[in-house]
A.B. asks: 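Just dropping this structure here.
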Amino acid sequence: AFEGVDIALFSAGGSTSAKYAPYAVKAGAVVVDNTSFFRQNPDVPLVVPEVNAHALDAHNGIIACPNCSTIQMMVALEPVRQKWGLDRIIVSTYQAVSGSGQAGINDLRNGEKGEAPTNYPHPIYNNVLPHIDVFLENGYTKEEMKMIQETRKILGLSDDVAVTATCVRVPVYNSHSVEINVTFEKDTTPEEIRAILEKAPGVIILDKPEENVYPTPLQATGHDEVYVGRIRRDISQPNSFHIWCVGDNIRKGAASNAIQIAEYIEAHNLRK
């Protein structure tokens, strides 16, 4: 089935990727995988093109796309990391039901009609669930650990940089919201952060809270860019700032990121 295929985009579940991606590579295709199966494989680059496209140079036929929330956080975080370094990242997510596929959308839609959930353990309509994926022995969910591990891999962070996450499902149909609390190695100002991100690829700044201008899921839905705002100093911690970012989890958080990778491979003749 993969004979004559240059680039194969996989998004049919981890077990499907595990079984069929090697066949695609053997047939000469480059696989861009949107599941979690290959993400922590040290031989597979985990790529957000705006952040670490250089990692594609060393691919061995398979490239992994990160988790949807990780992707949008990386787009907003990497430009400022390059400028001021990182000491700590605390991320809190507010994730839309489309991240659970059609089953999540159905639970929200049917919950509005008073029907019991079939996908989530509790109703998502008019509710908030601090529970995405399964709970692990350390008390974190698998989704939270994905974000921590993927952030470390993409940015090549040392053990000295602390990363932690809390992931929450909210009754929004589409587009994830992420609150990043970041401590830099060197101090800066909200104005300087804003100036850097205004020039960053894939970022749109909406940051005039005094005029009620800040990113929301309704604004981000249908777009490939990550929307950033509410940039402010954390008054409780030195060198620390809050950054709010919102992105379409189906587009930039999944499909568009994979297509950007494919376009980069083709443009730089990286098929092997």
A.B. asks: Establish whether V178 and Y214 are linked, either directly or via other cluster members, by ILVMFWY side-chain heavy-atom contacts under 4.5 Å.
C.D. replies: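 Each belongs to a different hydrophobic cluster.
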A.B. asks: Would you say R152's side chain and I148's backbone share a donor-acceptor pair under 3.5 angstrom?
C.D. replies: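 Not at all, since once roles are kept as given, no pair shorter than 3.5 Å links the two residues.
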A.B. asks: Check the side chains of D248 and N174 for a donor-acceptor pair under 3.5 angstrom, ignoring hydrogens and angles.
C.D. replies: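 The criterion, which ignores hydrogens and geometry beyond distance, is satisfied for D248 and N174.
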A.B. asks: Give me each pair satisfying salt bridge (Lys or Arg N to Asp or Glu O under 4.0 Å) with a member in residues 6-15, each pair once, sequence neighbours excluded.
C.D. replies: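 Only D6-R271 qualify under salt bridge (Lys or Arg N to Asp or Glu O under 4.0 Å).
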A.B. asks: Side chains of I89 and T164: does their closest heavy-atom pair fall under 4.5 Å?
C.D. replies: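 Side chain of I89 against side chain of T164, heavy atoms only: no contact under 4.5 Å found.
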A.B. asks: Sequence neighbours excluded, which residues qualify as side chain to side chain donor-acceptor pair (under 3.5 Å) partners of S236?
C.D. replies: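 Listed in chain order: D234.
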A.B. asks: Side chains of M145 and L136, heavy atoms from C-beta outward: is any pair under 4.5 Å?
C.D. replies: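 With C-beta onward as the side chain, the pair touches.
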A.B. asks: For I132, what residues pass the side chain to side chain contact (heavy atoms under 4.5 Å, CB included) criterion, not counting sequence neighbours?
C.D. replies: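 For I132, the residues satisfying side chain to side chain contact (heavy atoms under 4.5 Å, CB included) (neighbours in sequence not counted) are Q95, E143, C167, R169.
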A.B. asks: Just checking, is any N or O donor in the side chain of H176 or Q72 under 3.5 Å from an acceptor N or O on the other one?
C.D. replies: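 No donor-acceptor contact under 3.5 Å links the two side chains.
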A.B. asks: In Å and rounded to the nearest 0.5 Å, what is the OG to CD distance from S177 to E179?
C.D. replies: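 So the OG of S177 and the CD of E179 are separated by 10.5 Å.
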A.B. asks: Can you tell me how far apart NZ (K252) and CG (D224) are? Round to the nearest 0.5 Å.
C.D. replies: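 With rounding to 0.5 Å, NZ (K252) is 7.5 Å from CG (D224).
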A.B. asks: Among pairs that include at least one residue of residues 180-189, which meet salt bridge (Lys or Arg N to Asp or Glu O under 4.0 Å), considering only residues two or more places apart or in two chains?
C.D. replies: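 Found D187-R233.
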A.B. asks: Among Ile, Leu, Val, Met, Phe, Trp and Tyr joined by side-chain contacts under 4.5 Å, find the other residues sharing a cluster with Y227 and list them by chain and number.
C.D. replies: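 Answer for Y227: I204, L206, V213.
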A.B. asks: Can you tell if the side chain of V161 reaches within under 4.5 Å of the side chain of D159, non-hydrogen atoms only?
C.D. replies: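 No, side chains not in contact.
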A.B. asks: Distance only, no hydrogens: is a donor on one side chain within 3.5 Å (strictly under) of an acceptor on the other, for S98 and N249?
C.D. replies: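 S98 vs N249: donor-acceptor pair found between side chains.
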A.B. asks: Is a donor on one side and an acceptor on the other found under 3.5 Å between the side chain of D107 and the backbone of Y120?
C.D. replies: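 Pair found, side chain donor or acceptor close to backbone of Y120.
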A.B. asks: Considering residues at least two apart in sequence or located in another chain, which fulfil the side chain to side chain donor-acceptor pair (under 3.5 Å) criterion with T183?
C.D. replies: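 Side chain to side chain donor-acceptor pair (under 3.5 Å) check on T183 returns S240.
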A.B. asks: Any side-chain to backbone donor/acceptor pair from K153 onto N41? Under 3.5 Å, distance only.
C.D. replies: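 Pair found, side chain donor or acceptor close to backbone of N41.
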A.B. asks: Could you tell me the separation between the CG atom of N110 and the CD1 atom of I105, rounded to the nearest 0.5 Å?
C.D. replies: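 Going from the CG atom of N110 to the CD1 atom of I105 covers 11.5 Å.
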A.B. asks: Checking the side chain of N257 only, and the main-chain atoms of G253 only, is there a donor and an acceptor separated by less than 3.5 Å?
C.D. replies: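 Checking the backbone N and O of G253 against the side chain of N257, no donor-acceptor pair under 3.5 Å is found.
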A.B. asks: Strictly distance-based, threshold 3.5 Å: is any side-chain N or O of E150 a donor or acceptor partner for the main-chain N or O of N67?
C.D. replies: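 Side chain of E150 to backbone of N67: a pair is present.
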A.B. asks: Any donor-acceptor pair under 3.5 Å linking the side chain of T189 with the backbone of E192?
C.D. replies: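 Side chain of T189 to backbone of E192: a pair is present.
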A.B. asks: Using a side-chain heavy atom cutoff under 4.5 Å and only I, L, V, M, F, W and Y, what cluster partners does V168 have?
C.D. replies: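 When side chains under 4.5 Å apart are linked, the cluster holding V168 also contains Y94, V128, V170, V172, W244, V246.
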A.B. asks: Roughly how far, to the nearest 0.5 Å, is OG of S92 from CD1 of I90?
C.D. replies: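 Reported value, rounded in 0.5 Å steps: 8.0 Å.
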A.B. asks: Under 4.5 Å between any side-chain heavy atoms of H131 and P121, yes or no?
C.D. replies: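 Result yes, sub-4.5 Å side-chain heavy-atom pair found.
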A.B. asks: Let me check something: do V51 and I243 share a hydrophobic cluster, defined by ILVMFWY side-chain heavy atoms less than 4.5 Å apart, either directly or through other members?
C.D. replies: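 Result: yes, single cluster for both.
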A.B. asks: Check step by step if side-chain contact (heavy atoms from CB on, under 4.5 Å) holds for T221 and Y173.
C.D. replies: CA-CA 10 Å; T221 293; Y173 278 106; over 6 Å; no
A.B. asks: Can you list the residues that meet the side chain to side chain donor-acceptor pair (under 3.5 Å) rule with E225, with sequence neighbours excluded?
C.D. replies: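 So E225 forms no side chain to side chain donor-acceptor pair (under 3.5 Å) with any residue.
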A.B. asks: State, without any angle test, whether S69 and T93 hold a side-chain donor-acceptor pair at a distance under 3.5 Å.
C.D. replies: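 There is no such pair between these side chains.
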A.B. asks: May I have all residue pairs that pass ring pair (Phe, Tyr, Trp, His ring centres under 6.0 Å) and include part of residues 46-82, sequence neighbours excluded?
C.D. replies: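 As it turns out, there is no ring pair (Phe, Tyr, Trp, His ring centres under 6.0 Å) pair with a partner in residues 46-82 once direct neighbours are skipped.
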A.B. asks: Which value, rounded to the nearest 0.5 Å, describes the distance between L108 atom CG and N119 atom CG?
C.D. replies: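 Between atom CG of L108 and atom CG of N119 there are 11.5 Å.
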A.B. asks: Look up atom CD1 in I250 and atom SG in C68, then write down how far apart they are to the nearest 0.5 Å.
C.D. replies: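 Reported value, rounded in 0.5 Å steps: 7.5 Å.
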A.B. asks: Applying side-chain hydrogen bond (donor to acceptor under 3.5 Å, both in side chains) as the test, list every pair that has at least one member in residues 195-212; sequence neighbours left out.
C.D. replies: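 For residues 195-212: R194-D207.
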A.B. asks: With no hydrogens and no angle check, just 3.5 Å: does a side-chain donor-acceptor pair link D133 and T141?
C.D. replies: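 Judged by distance alone, the side chains do not pair up.
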A.B. asks: Could you tell me whether the side chain of M74 reaches within less than 4.5 Å of the side chain of E50, counting heavy atoms only?
C.D. replies: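 A side-chain contact under 4.5 Å is absent here.
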A.B. asks: Does a side-chain heavy-atom distance below 4.5 Å link Q149 with Q40?
C.D. replies: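 The answer is yes; the side chains approach within 4.5 Å.
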A.B. asks: For Y264, which fellow cluster members are found when Ile, Leu, Val, Met, Phe, Trp and Tyr are connected by side-chain heavy-atom distances below 4.5 angstrom, either directly or through intermediates?
C.D. replies: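 Taking Ile, Leu, Val, Met, Phe, Trp and Tyr as members, Y264 shares its hydrophobic cluster with I7, L9, V30, V32, V47, L56, I63, I259, I261, I265, L270.
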A.B. asks: Using a 4.5 Å cut-off on heavy atoms from C-beta on, say whether the side chain of V91 contacts that of M73.
C.D. replies: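 Yes. Closest side-chain heavy atoms under 4.5 Å.
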A.B. asks: Quick one: are I154 and P66 in side-chain contact, heavy atoms under 4.5 Å?
C.D. replies: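 A side-chain contact exists here, since the closest heavy-atom pair is under 4.5 Å.
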A.B. asks: Kindly give the cluster partners of F37, where membership spreads through any ILVMFWY side chain lying under 4.5 Å from a current member.
C.D. replies: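 F2, F10, Y20, Y23, V25, V31, F38, V44, I62, all in the cluster of F37.
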A.B. asks: Before accepting this row, confirm whether a basic side-chain N of the pair D33/R39 lies closer than 4.0 Å to the acidic partner's carboxylate O.
C.D. replies: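 Result for this pair is no, no salt bridge flagged.
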A.B. asks: Could R81 and E78 be called an ion pair, given the rule that one side-chain N must be under 4.0 Å from one carboxylate O?
C.D. replies: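 Answer for the salt bridge query: yes.
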A.B. asks: Could you go through the side-chain contact (heavy atoms from CB on, under 4.5 Å) check for N239 and D87 one step at a time?
C.D. replies: CA-CA 9 Å; N239 300 358; D87 269 345; 5.5 Å; no
